[in-house]
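Handing you this structure, nothing more for now.
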Amino acid sequence: MGNSLLFAVAIVVIYAMAIVGAGSRVPIDINNPDVQRLGRWAVAEHENQVHDGIKFNKVVRAESDDDSELGLQLHLFIDATNGDGKDAKYEAVVDQIRGKPDLLDFKPAN
C-alpha cells in the first residue's frame, strides 16, 4: 500500500509541475548593477551568518524562478574567494517576495 501511495503522489507532483512549468528558470542580465549588488549582499549575508571568510568577486550567472505561490526566487551563481584565498563558485537563492531580499540558501555551485 505504501509504494502505491508514493507512486500516486509522484504522478500528481509530475503532472502539477508539467502544468505550471515548475523548475523553469529565466536568465537575468548579470550586467545589471542591481544583480551585482544583490550578489554582494548575498555573500555578506552568508558571511554574517557563518563567518567562513568568503569574499564576493562577481555574479557570473543569474536566473529567476517565478512561482505565484512562492514568490520570486533568484538563483545567483557567484564567483568568490573562499576563506583559504582560492577562487570558488557558489549558488545563492534569494527570495524577493516581501520587497526585501531574504537569503534562502547559499552553497558551493556544481
Side-chain angles (χ1 to χ4, degrees):
M1 172 98 178
N3 285 341
S4 49
L5 179 59
L6 183 59
F7 180 75
V9 170
I11 294 298
V12 169
V13 169
I14 291 169
Y15 179 73
M17 287 173 58
I19 289 175
V20 297
S24 61
R25 294 184 188 164
V26 177
I28 300 173
D29 180 12
I30 62 169
N31 295 315
N32 182 325
D34 291 332
V35 172
Q36 295 298 321
R37 276 192 287 274
L38 190 58
R40 184 177 302 279
W41 172 86
V43 171
E45 185 70 13
H46 169 77
E47 181 60 25
N48 286 338
Q49 296 173 6
V50 181
H51 307 291
D52 57 5
I54 295 175
K55 304 285 186 217
F56 176 82
N57 293 331
K58 65 181 176 179
V59 175
V60 295
R61 190 171 97 218
E63 302 168 344
S64 69
D65 186 7
D66 191 6
D67 185 317
S68 59
E69 290 185 22
L70 297 176
L72 180 64
Q73 289 186 355
L74 304 174
H75 297 259
L76 305 175
F77 297 87
I78 299 169
D79 179 34
T81 304
N82 68 19
D84 296 329
K86 297 180 181 175
D87 285 337
K89 304 281 191 257
Y90 297 91
E91 179 182 2
V93 180
V94 179
D95 182 22
Q96 288 284 132
I97 194 169
R98 293 174 206 88
K100 69 174 198 162
D102 183 21
L103 185 63
L104 301 178
D105 194 18
F106 192 94
K107 62 185 177 189
N110 293 333

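Heads up: numbering here begins at 1 and tracks the sequence. This structure is a prediction, so every number in the text was calculated from the model and none was measured.
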- Lys55 meets the side-chain hydrogen bond (donor to acceptor under 3.5 Å, both in side chains) criterion, sequence neighbours left out, with none

- Query: Between Phe77 and Ile54, is there a shared hydrophobic cluster once you connect ILVMFWY residues whose side-chain heavy atoms come closer than 4.5 Å?
  - Reply: no

- Shortest non-hydrogen contact between Leu103 and Ala92, atoms and distance: CD1-CB, 4.1 Å

- Task: Quick one: list whatever passes salt bridge (Lys or Arg N to Asp or Glu O under 4.0 Å) with Lys86, sequence neighbours left out.
- Result: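 With sequence neighbours excluded, Lys86 shows a salt bridge (Lys or Arg N to Asp or Glu O under 4.0 Å) to no residue whatsoever.
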
- Task: Can you measure from CG (Asn110) to CD (Glu91) and round to the nearest 0.5 angstrom?
- Result: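 With rounding to 0.5 Å, CG (Asn110) is 8.0 Å from CD (Glu91).
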
- Task: Check Tyr90 against Asn82 and note the closest heavy-atom contact, atom names and distance.
- Result: OH-CB, 3.3 Å

- For Asp52, which residues count as a side-chain hydrogen bond (donor to acceptor under 3.5 Å, both in side chains) partner, sequence neighbours excluded? His46

- Query: Do Val94 and Gln73 come close enough that some side-chain heavy atom pair is under 4.5 Å?
  - Reply: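 Sidechains of Gln73 and Val94: no contact.
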
- Query: Are side-chain heavy atoms of Val50 and Phe106 found at a separation under 4.5 Å?
  - Reply: no

- Note on the structure: For Ala42 and Ile78, the nearest pair of non-hydrogen atoms, with its separation, is CB-CD1, 4.4 Å

- Item | CD-CG distance between Gln96 and Leu74, expressed to the nearest 0.5 angstrom |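 Taking CD in Gln96 and CG in Leu74, the distance rounds to 5.5 Å.
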
- Query: Is there a donor-acceptor pair under 3.5 Å between the side chain of Gln36 and the backbone N or O of Ile30?
  - Reply: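 Here the side-chain-to-backbone pair exists.
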
Expected list for residues 56-63: side-chain donor-acceptor pairs under 3.5 angstrom, two or more places apart:
unit_1	atom_1	unit_2	atom_2	d
Asn57	ND2	Thr81	OG1	3.3
Arg61	NE	Glu63	OE2	3.2
Glu63	OE1	Arg25	NH1	3.1

- Note on the structure: Result for side-chain contact (heavy atoms from CB on, under 4.5 Å) between Ile28 and one of Leu38, Val35, Asp34 points to Val35

- Task: Tell me, please, which residues at least two apart from Asp29 pass salt bridge (Lys or Arg N to Asp or Glu O under 4.0 Å).
- Result: none

- Message: Holding to side-chain hydrogen bond (donor to acceptor under 3.5 Å, both in side chains), I want the full list of residues that pass it with Asp105, two or more places apart in sequence or in another chain.
- Response: none

- Item | Straight-line distance of Leu76 CG to Arg40 CZ, nearest 0.5 Å |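 Answer rounded to 0.5 Å: 13.0 Å.
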
